[in-house]
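Encoded as structure tokens, the structure appears first; notes follow it.
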Amino acid sequence: MNTTQYRKLPESFYQKSALEIAPKLLGKLFIKKEEEQFLAGKIVEVEAYAGVDDEASHSFGGETKRNSVMFASGGALYVYFIYGNHYCANVVCDRKDVGAAVLIRAVEPISGAETMAHRRFQKSELTAKELINLTNGPGKICKAFNISKRDDGKNLCGEEIFIAEGEKILKNRIARTTRIGIQKSKELPWRFYLKESRFISAK
DNA sequence: ATCAAGATTACCT
DNA sequence: GGTAATCTTGATA
């Protein structure tokens, strides 16, 4: 097994609004190449964060040191640190200077689950419950994939972390709800997930 | 210099 | 169901 068999998404995929891109990311493969192996997860849950009219977005209120990558051209990886413990990975969308991104909230482990298990639970044999719990949250994904601040700003069209074509997902398999964990702009229905997936973070 | 909030998680009853 | 843990960031003085 190697990563060359995967069809990496082109830069043009990311040059659209976060709201347009978010549902299209479902079913795609989030991949990270490491020394002796690669890790892969099927994206099953995402949330869109826009530049304007979205008070919950880090980019609302303009560019700062922390959120600057959100204003890069679509196709960058935006990683932030939150609650003193966790990193969250986002796909930067739209043209340069538009602060928009999609938060990857949950993936289904496809490859490298043993490595992920070590990072999450310090062991390689998992119970069924632990497998479900491996990457079903934004902070859990970053822990499992070993993604941190050093990855902030990396190009998703590069060799290390990228997204590839996956399963074709029809509209009737996608659920749309309000976003999780935010205090402002709560009413916007900008969370998308695969209805049948057991690997989402919440119903 | 100080302070409050935060796109979460794990653990408790 | 609820909440403590944990610390960076950005705003204010």
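Residue numbers begin at 1 in each chain, while the letters A, B, ... track the order of the sequences. Predicted model, so just to flag it, every value in this text is computed and none were measured.
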Could you label the plane-to-plane angle of the A:Phe145 and A:Phe30 rings as parallel, tilted or perpendicular, counting under 30° as parallel and over 60° as perpendicular? tilted

Side chain of A:Asn85 only, please: which of C:dG10, C:dT6, B:dA10 is the nearest? C:dT6

For A:Arg120, which contact category applies under a 4.0 Å heavy-atom criterion: base, sugar-phosphate, or nothing? sugar-phosphate

Which listed nucleotide (B:dA7, C:dG10, B:dT8) is nearest to the side chain of A:Tyr49? B:dA7

Less than 4.5 Å apart, any side-chain heavy atom of A:Leu25 and any of A:Val102? yes

On the 0 to 90° scale, with breaks at 30° and 60°, tag the A:His58-A:Tyr78 ring pair as parallel, tilted or perpendicular. perpendicular

Please give, in whole Å, the distance from C:dC7 C1' to A:Tyr87 OH? 10 Å

By nearest nucleotide on DNA chain B, pick out whichever of A:Phe121 and A:Ala56 is the more 5' one. A:Ala56

Whole-Å distance, A:Glu130 CD to B:dA10 P, equals 11 Å

When all nucleic acid strands are considered with a 4.0 Å heavy-atom cut-off, which category describes A:Arg66: base, sugar-phosphate, or nothing? sugar-phosphate

B:dA10, OP1 or OP2 - any side-chain N/O from A:Lys140 closer than 4.0 Å? yes

Counting only heavy atoms from other residues, nucleotides and ligands, does the tally under 6.0 Å from CZ of A:Arg176 exceed 12? yes

Length of the line joining A:Gln183:CD and B:dA5:C1', which is rounded to integer Å: 9 Å

Rounded to whole Å, the NZ-P distance (A:Lys129 to B:dA10) equals 12 Å

With a non-hydrogen cut-off below 4.0 angstrom, is A:Leu103 in contact with a base, only sugar-phosphate, or nothing? base

Nucleotide nearest A:Met70 (side chain, heavy atoms from C-beta), chosen from B:dA7, B:dA10, B:dT9: B:dA7

Side chain to side chain, A:Leu39 and A:Glu34, heavy atoms closer than 4.5 Å: yes

Per A:Lys65 side chain, nearest of listed nucleotides C:dG10, B:dT9, B:dA7: C:dG10

Measure the distance from CD1 on A:Ile82 to P on C:dT9 and round it to the nearest whole Å. 11 Å

For C:dT9, the Watson-Crick or wobble partner whose two distances fall under 3.5 Å: B:dA4

Whole angstrom is fine here: how far is it from CD in A:Glu45 over to P in B:dT8? 10 Å

Could you tell me how far apart A:His58 (NE2) and C:dT8 (P) are, to the nearest whole angstrom? 16 Å

Quick check: any donor-acceptor pair below 3.5 Å linking the side-chain of A:Tyr83 to the base of C:dA5? no

How many Å lie between CZ on A:Phe81 and P on B:dA7, as a whole number? 13 Å

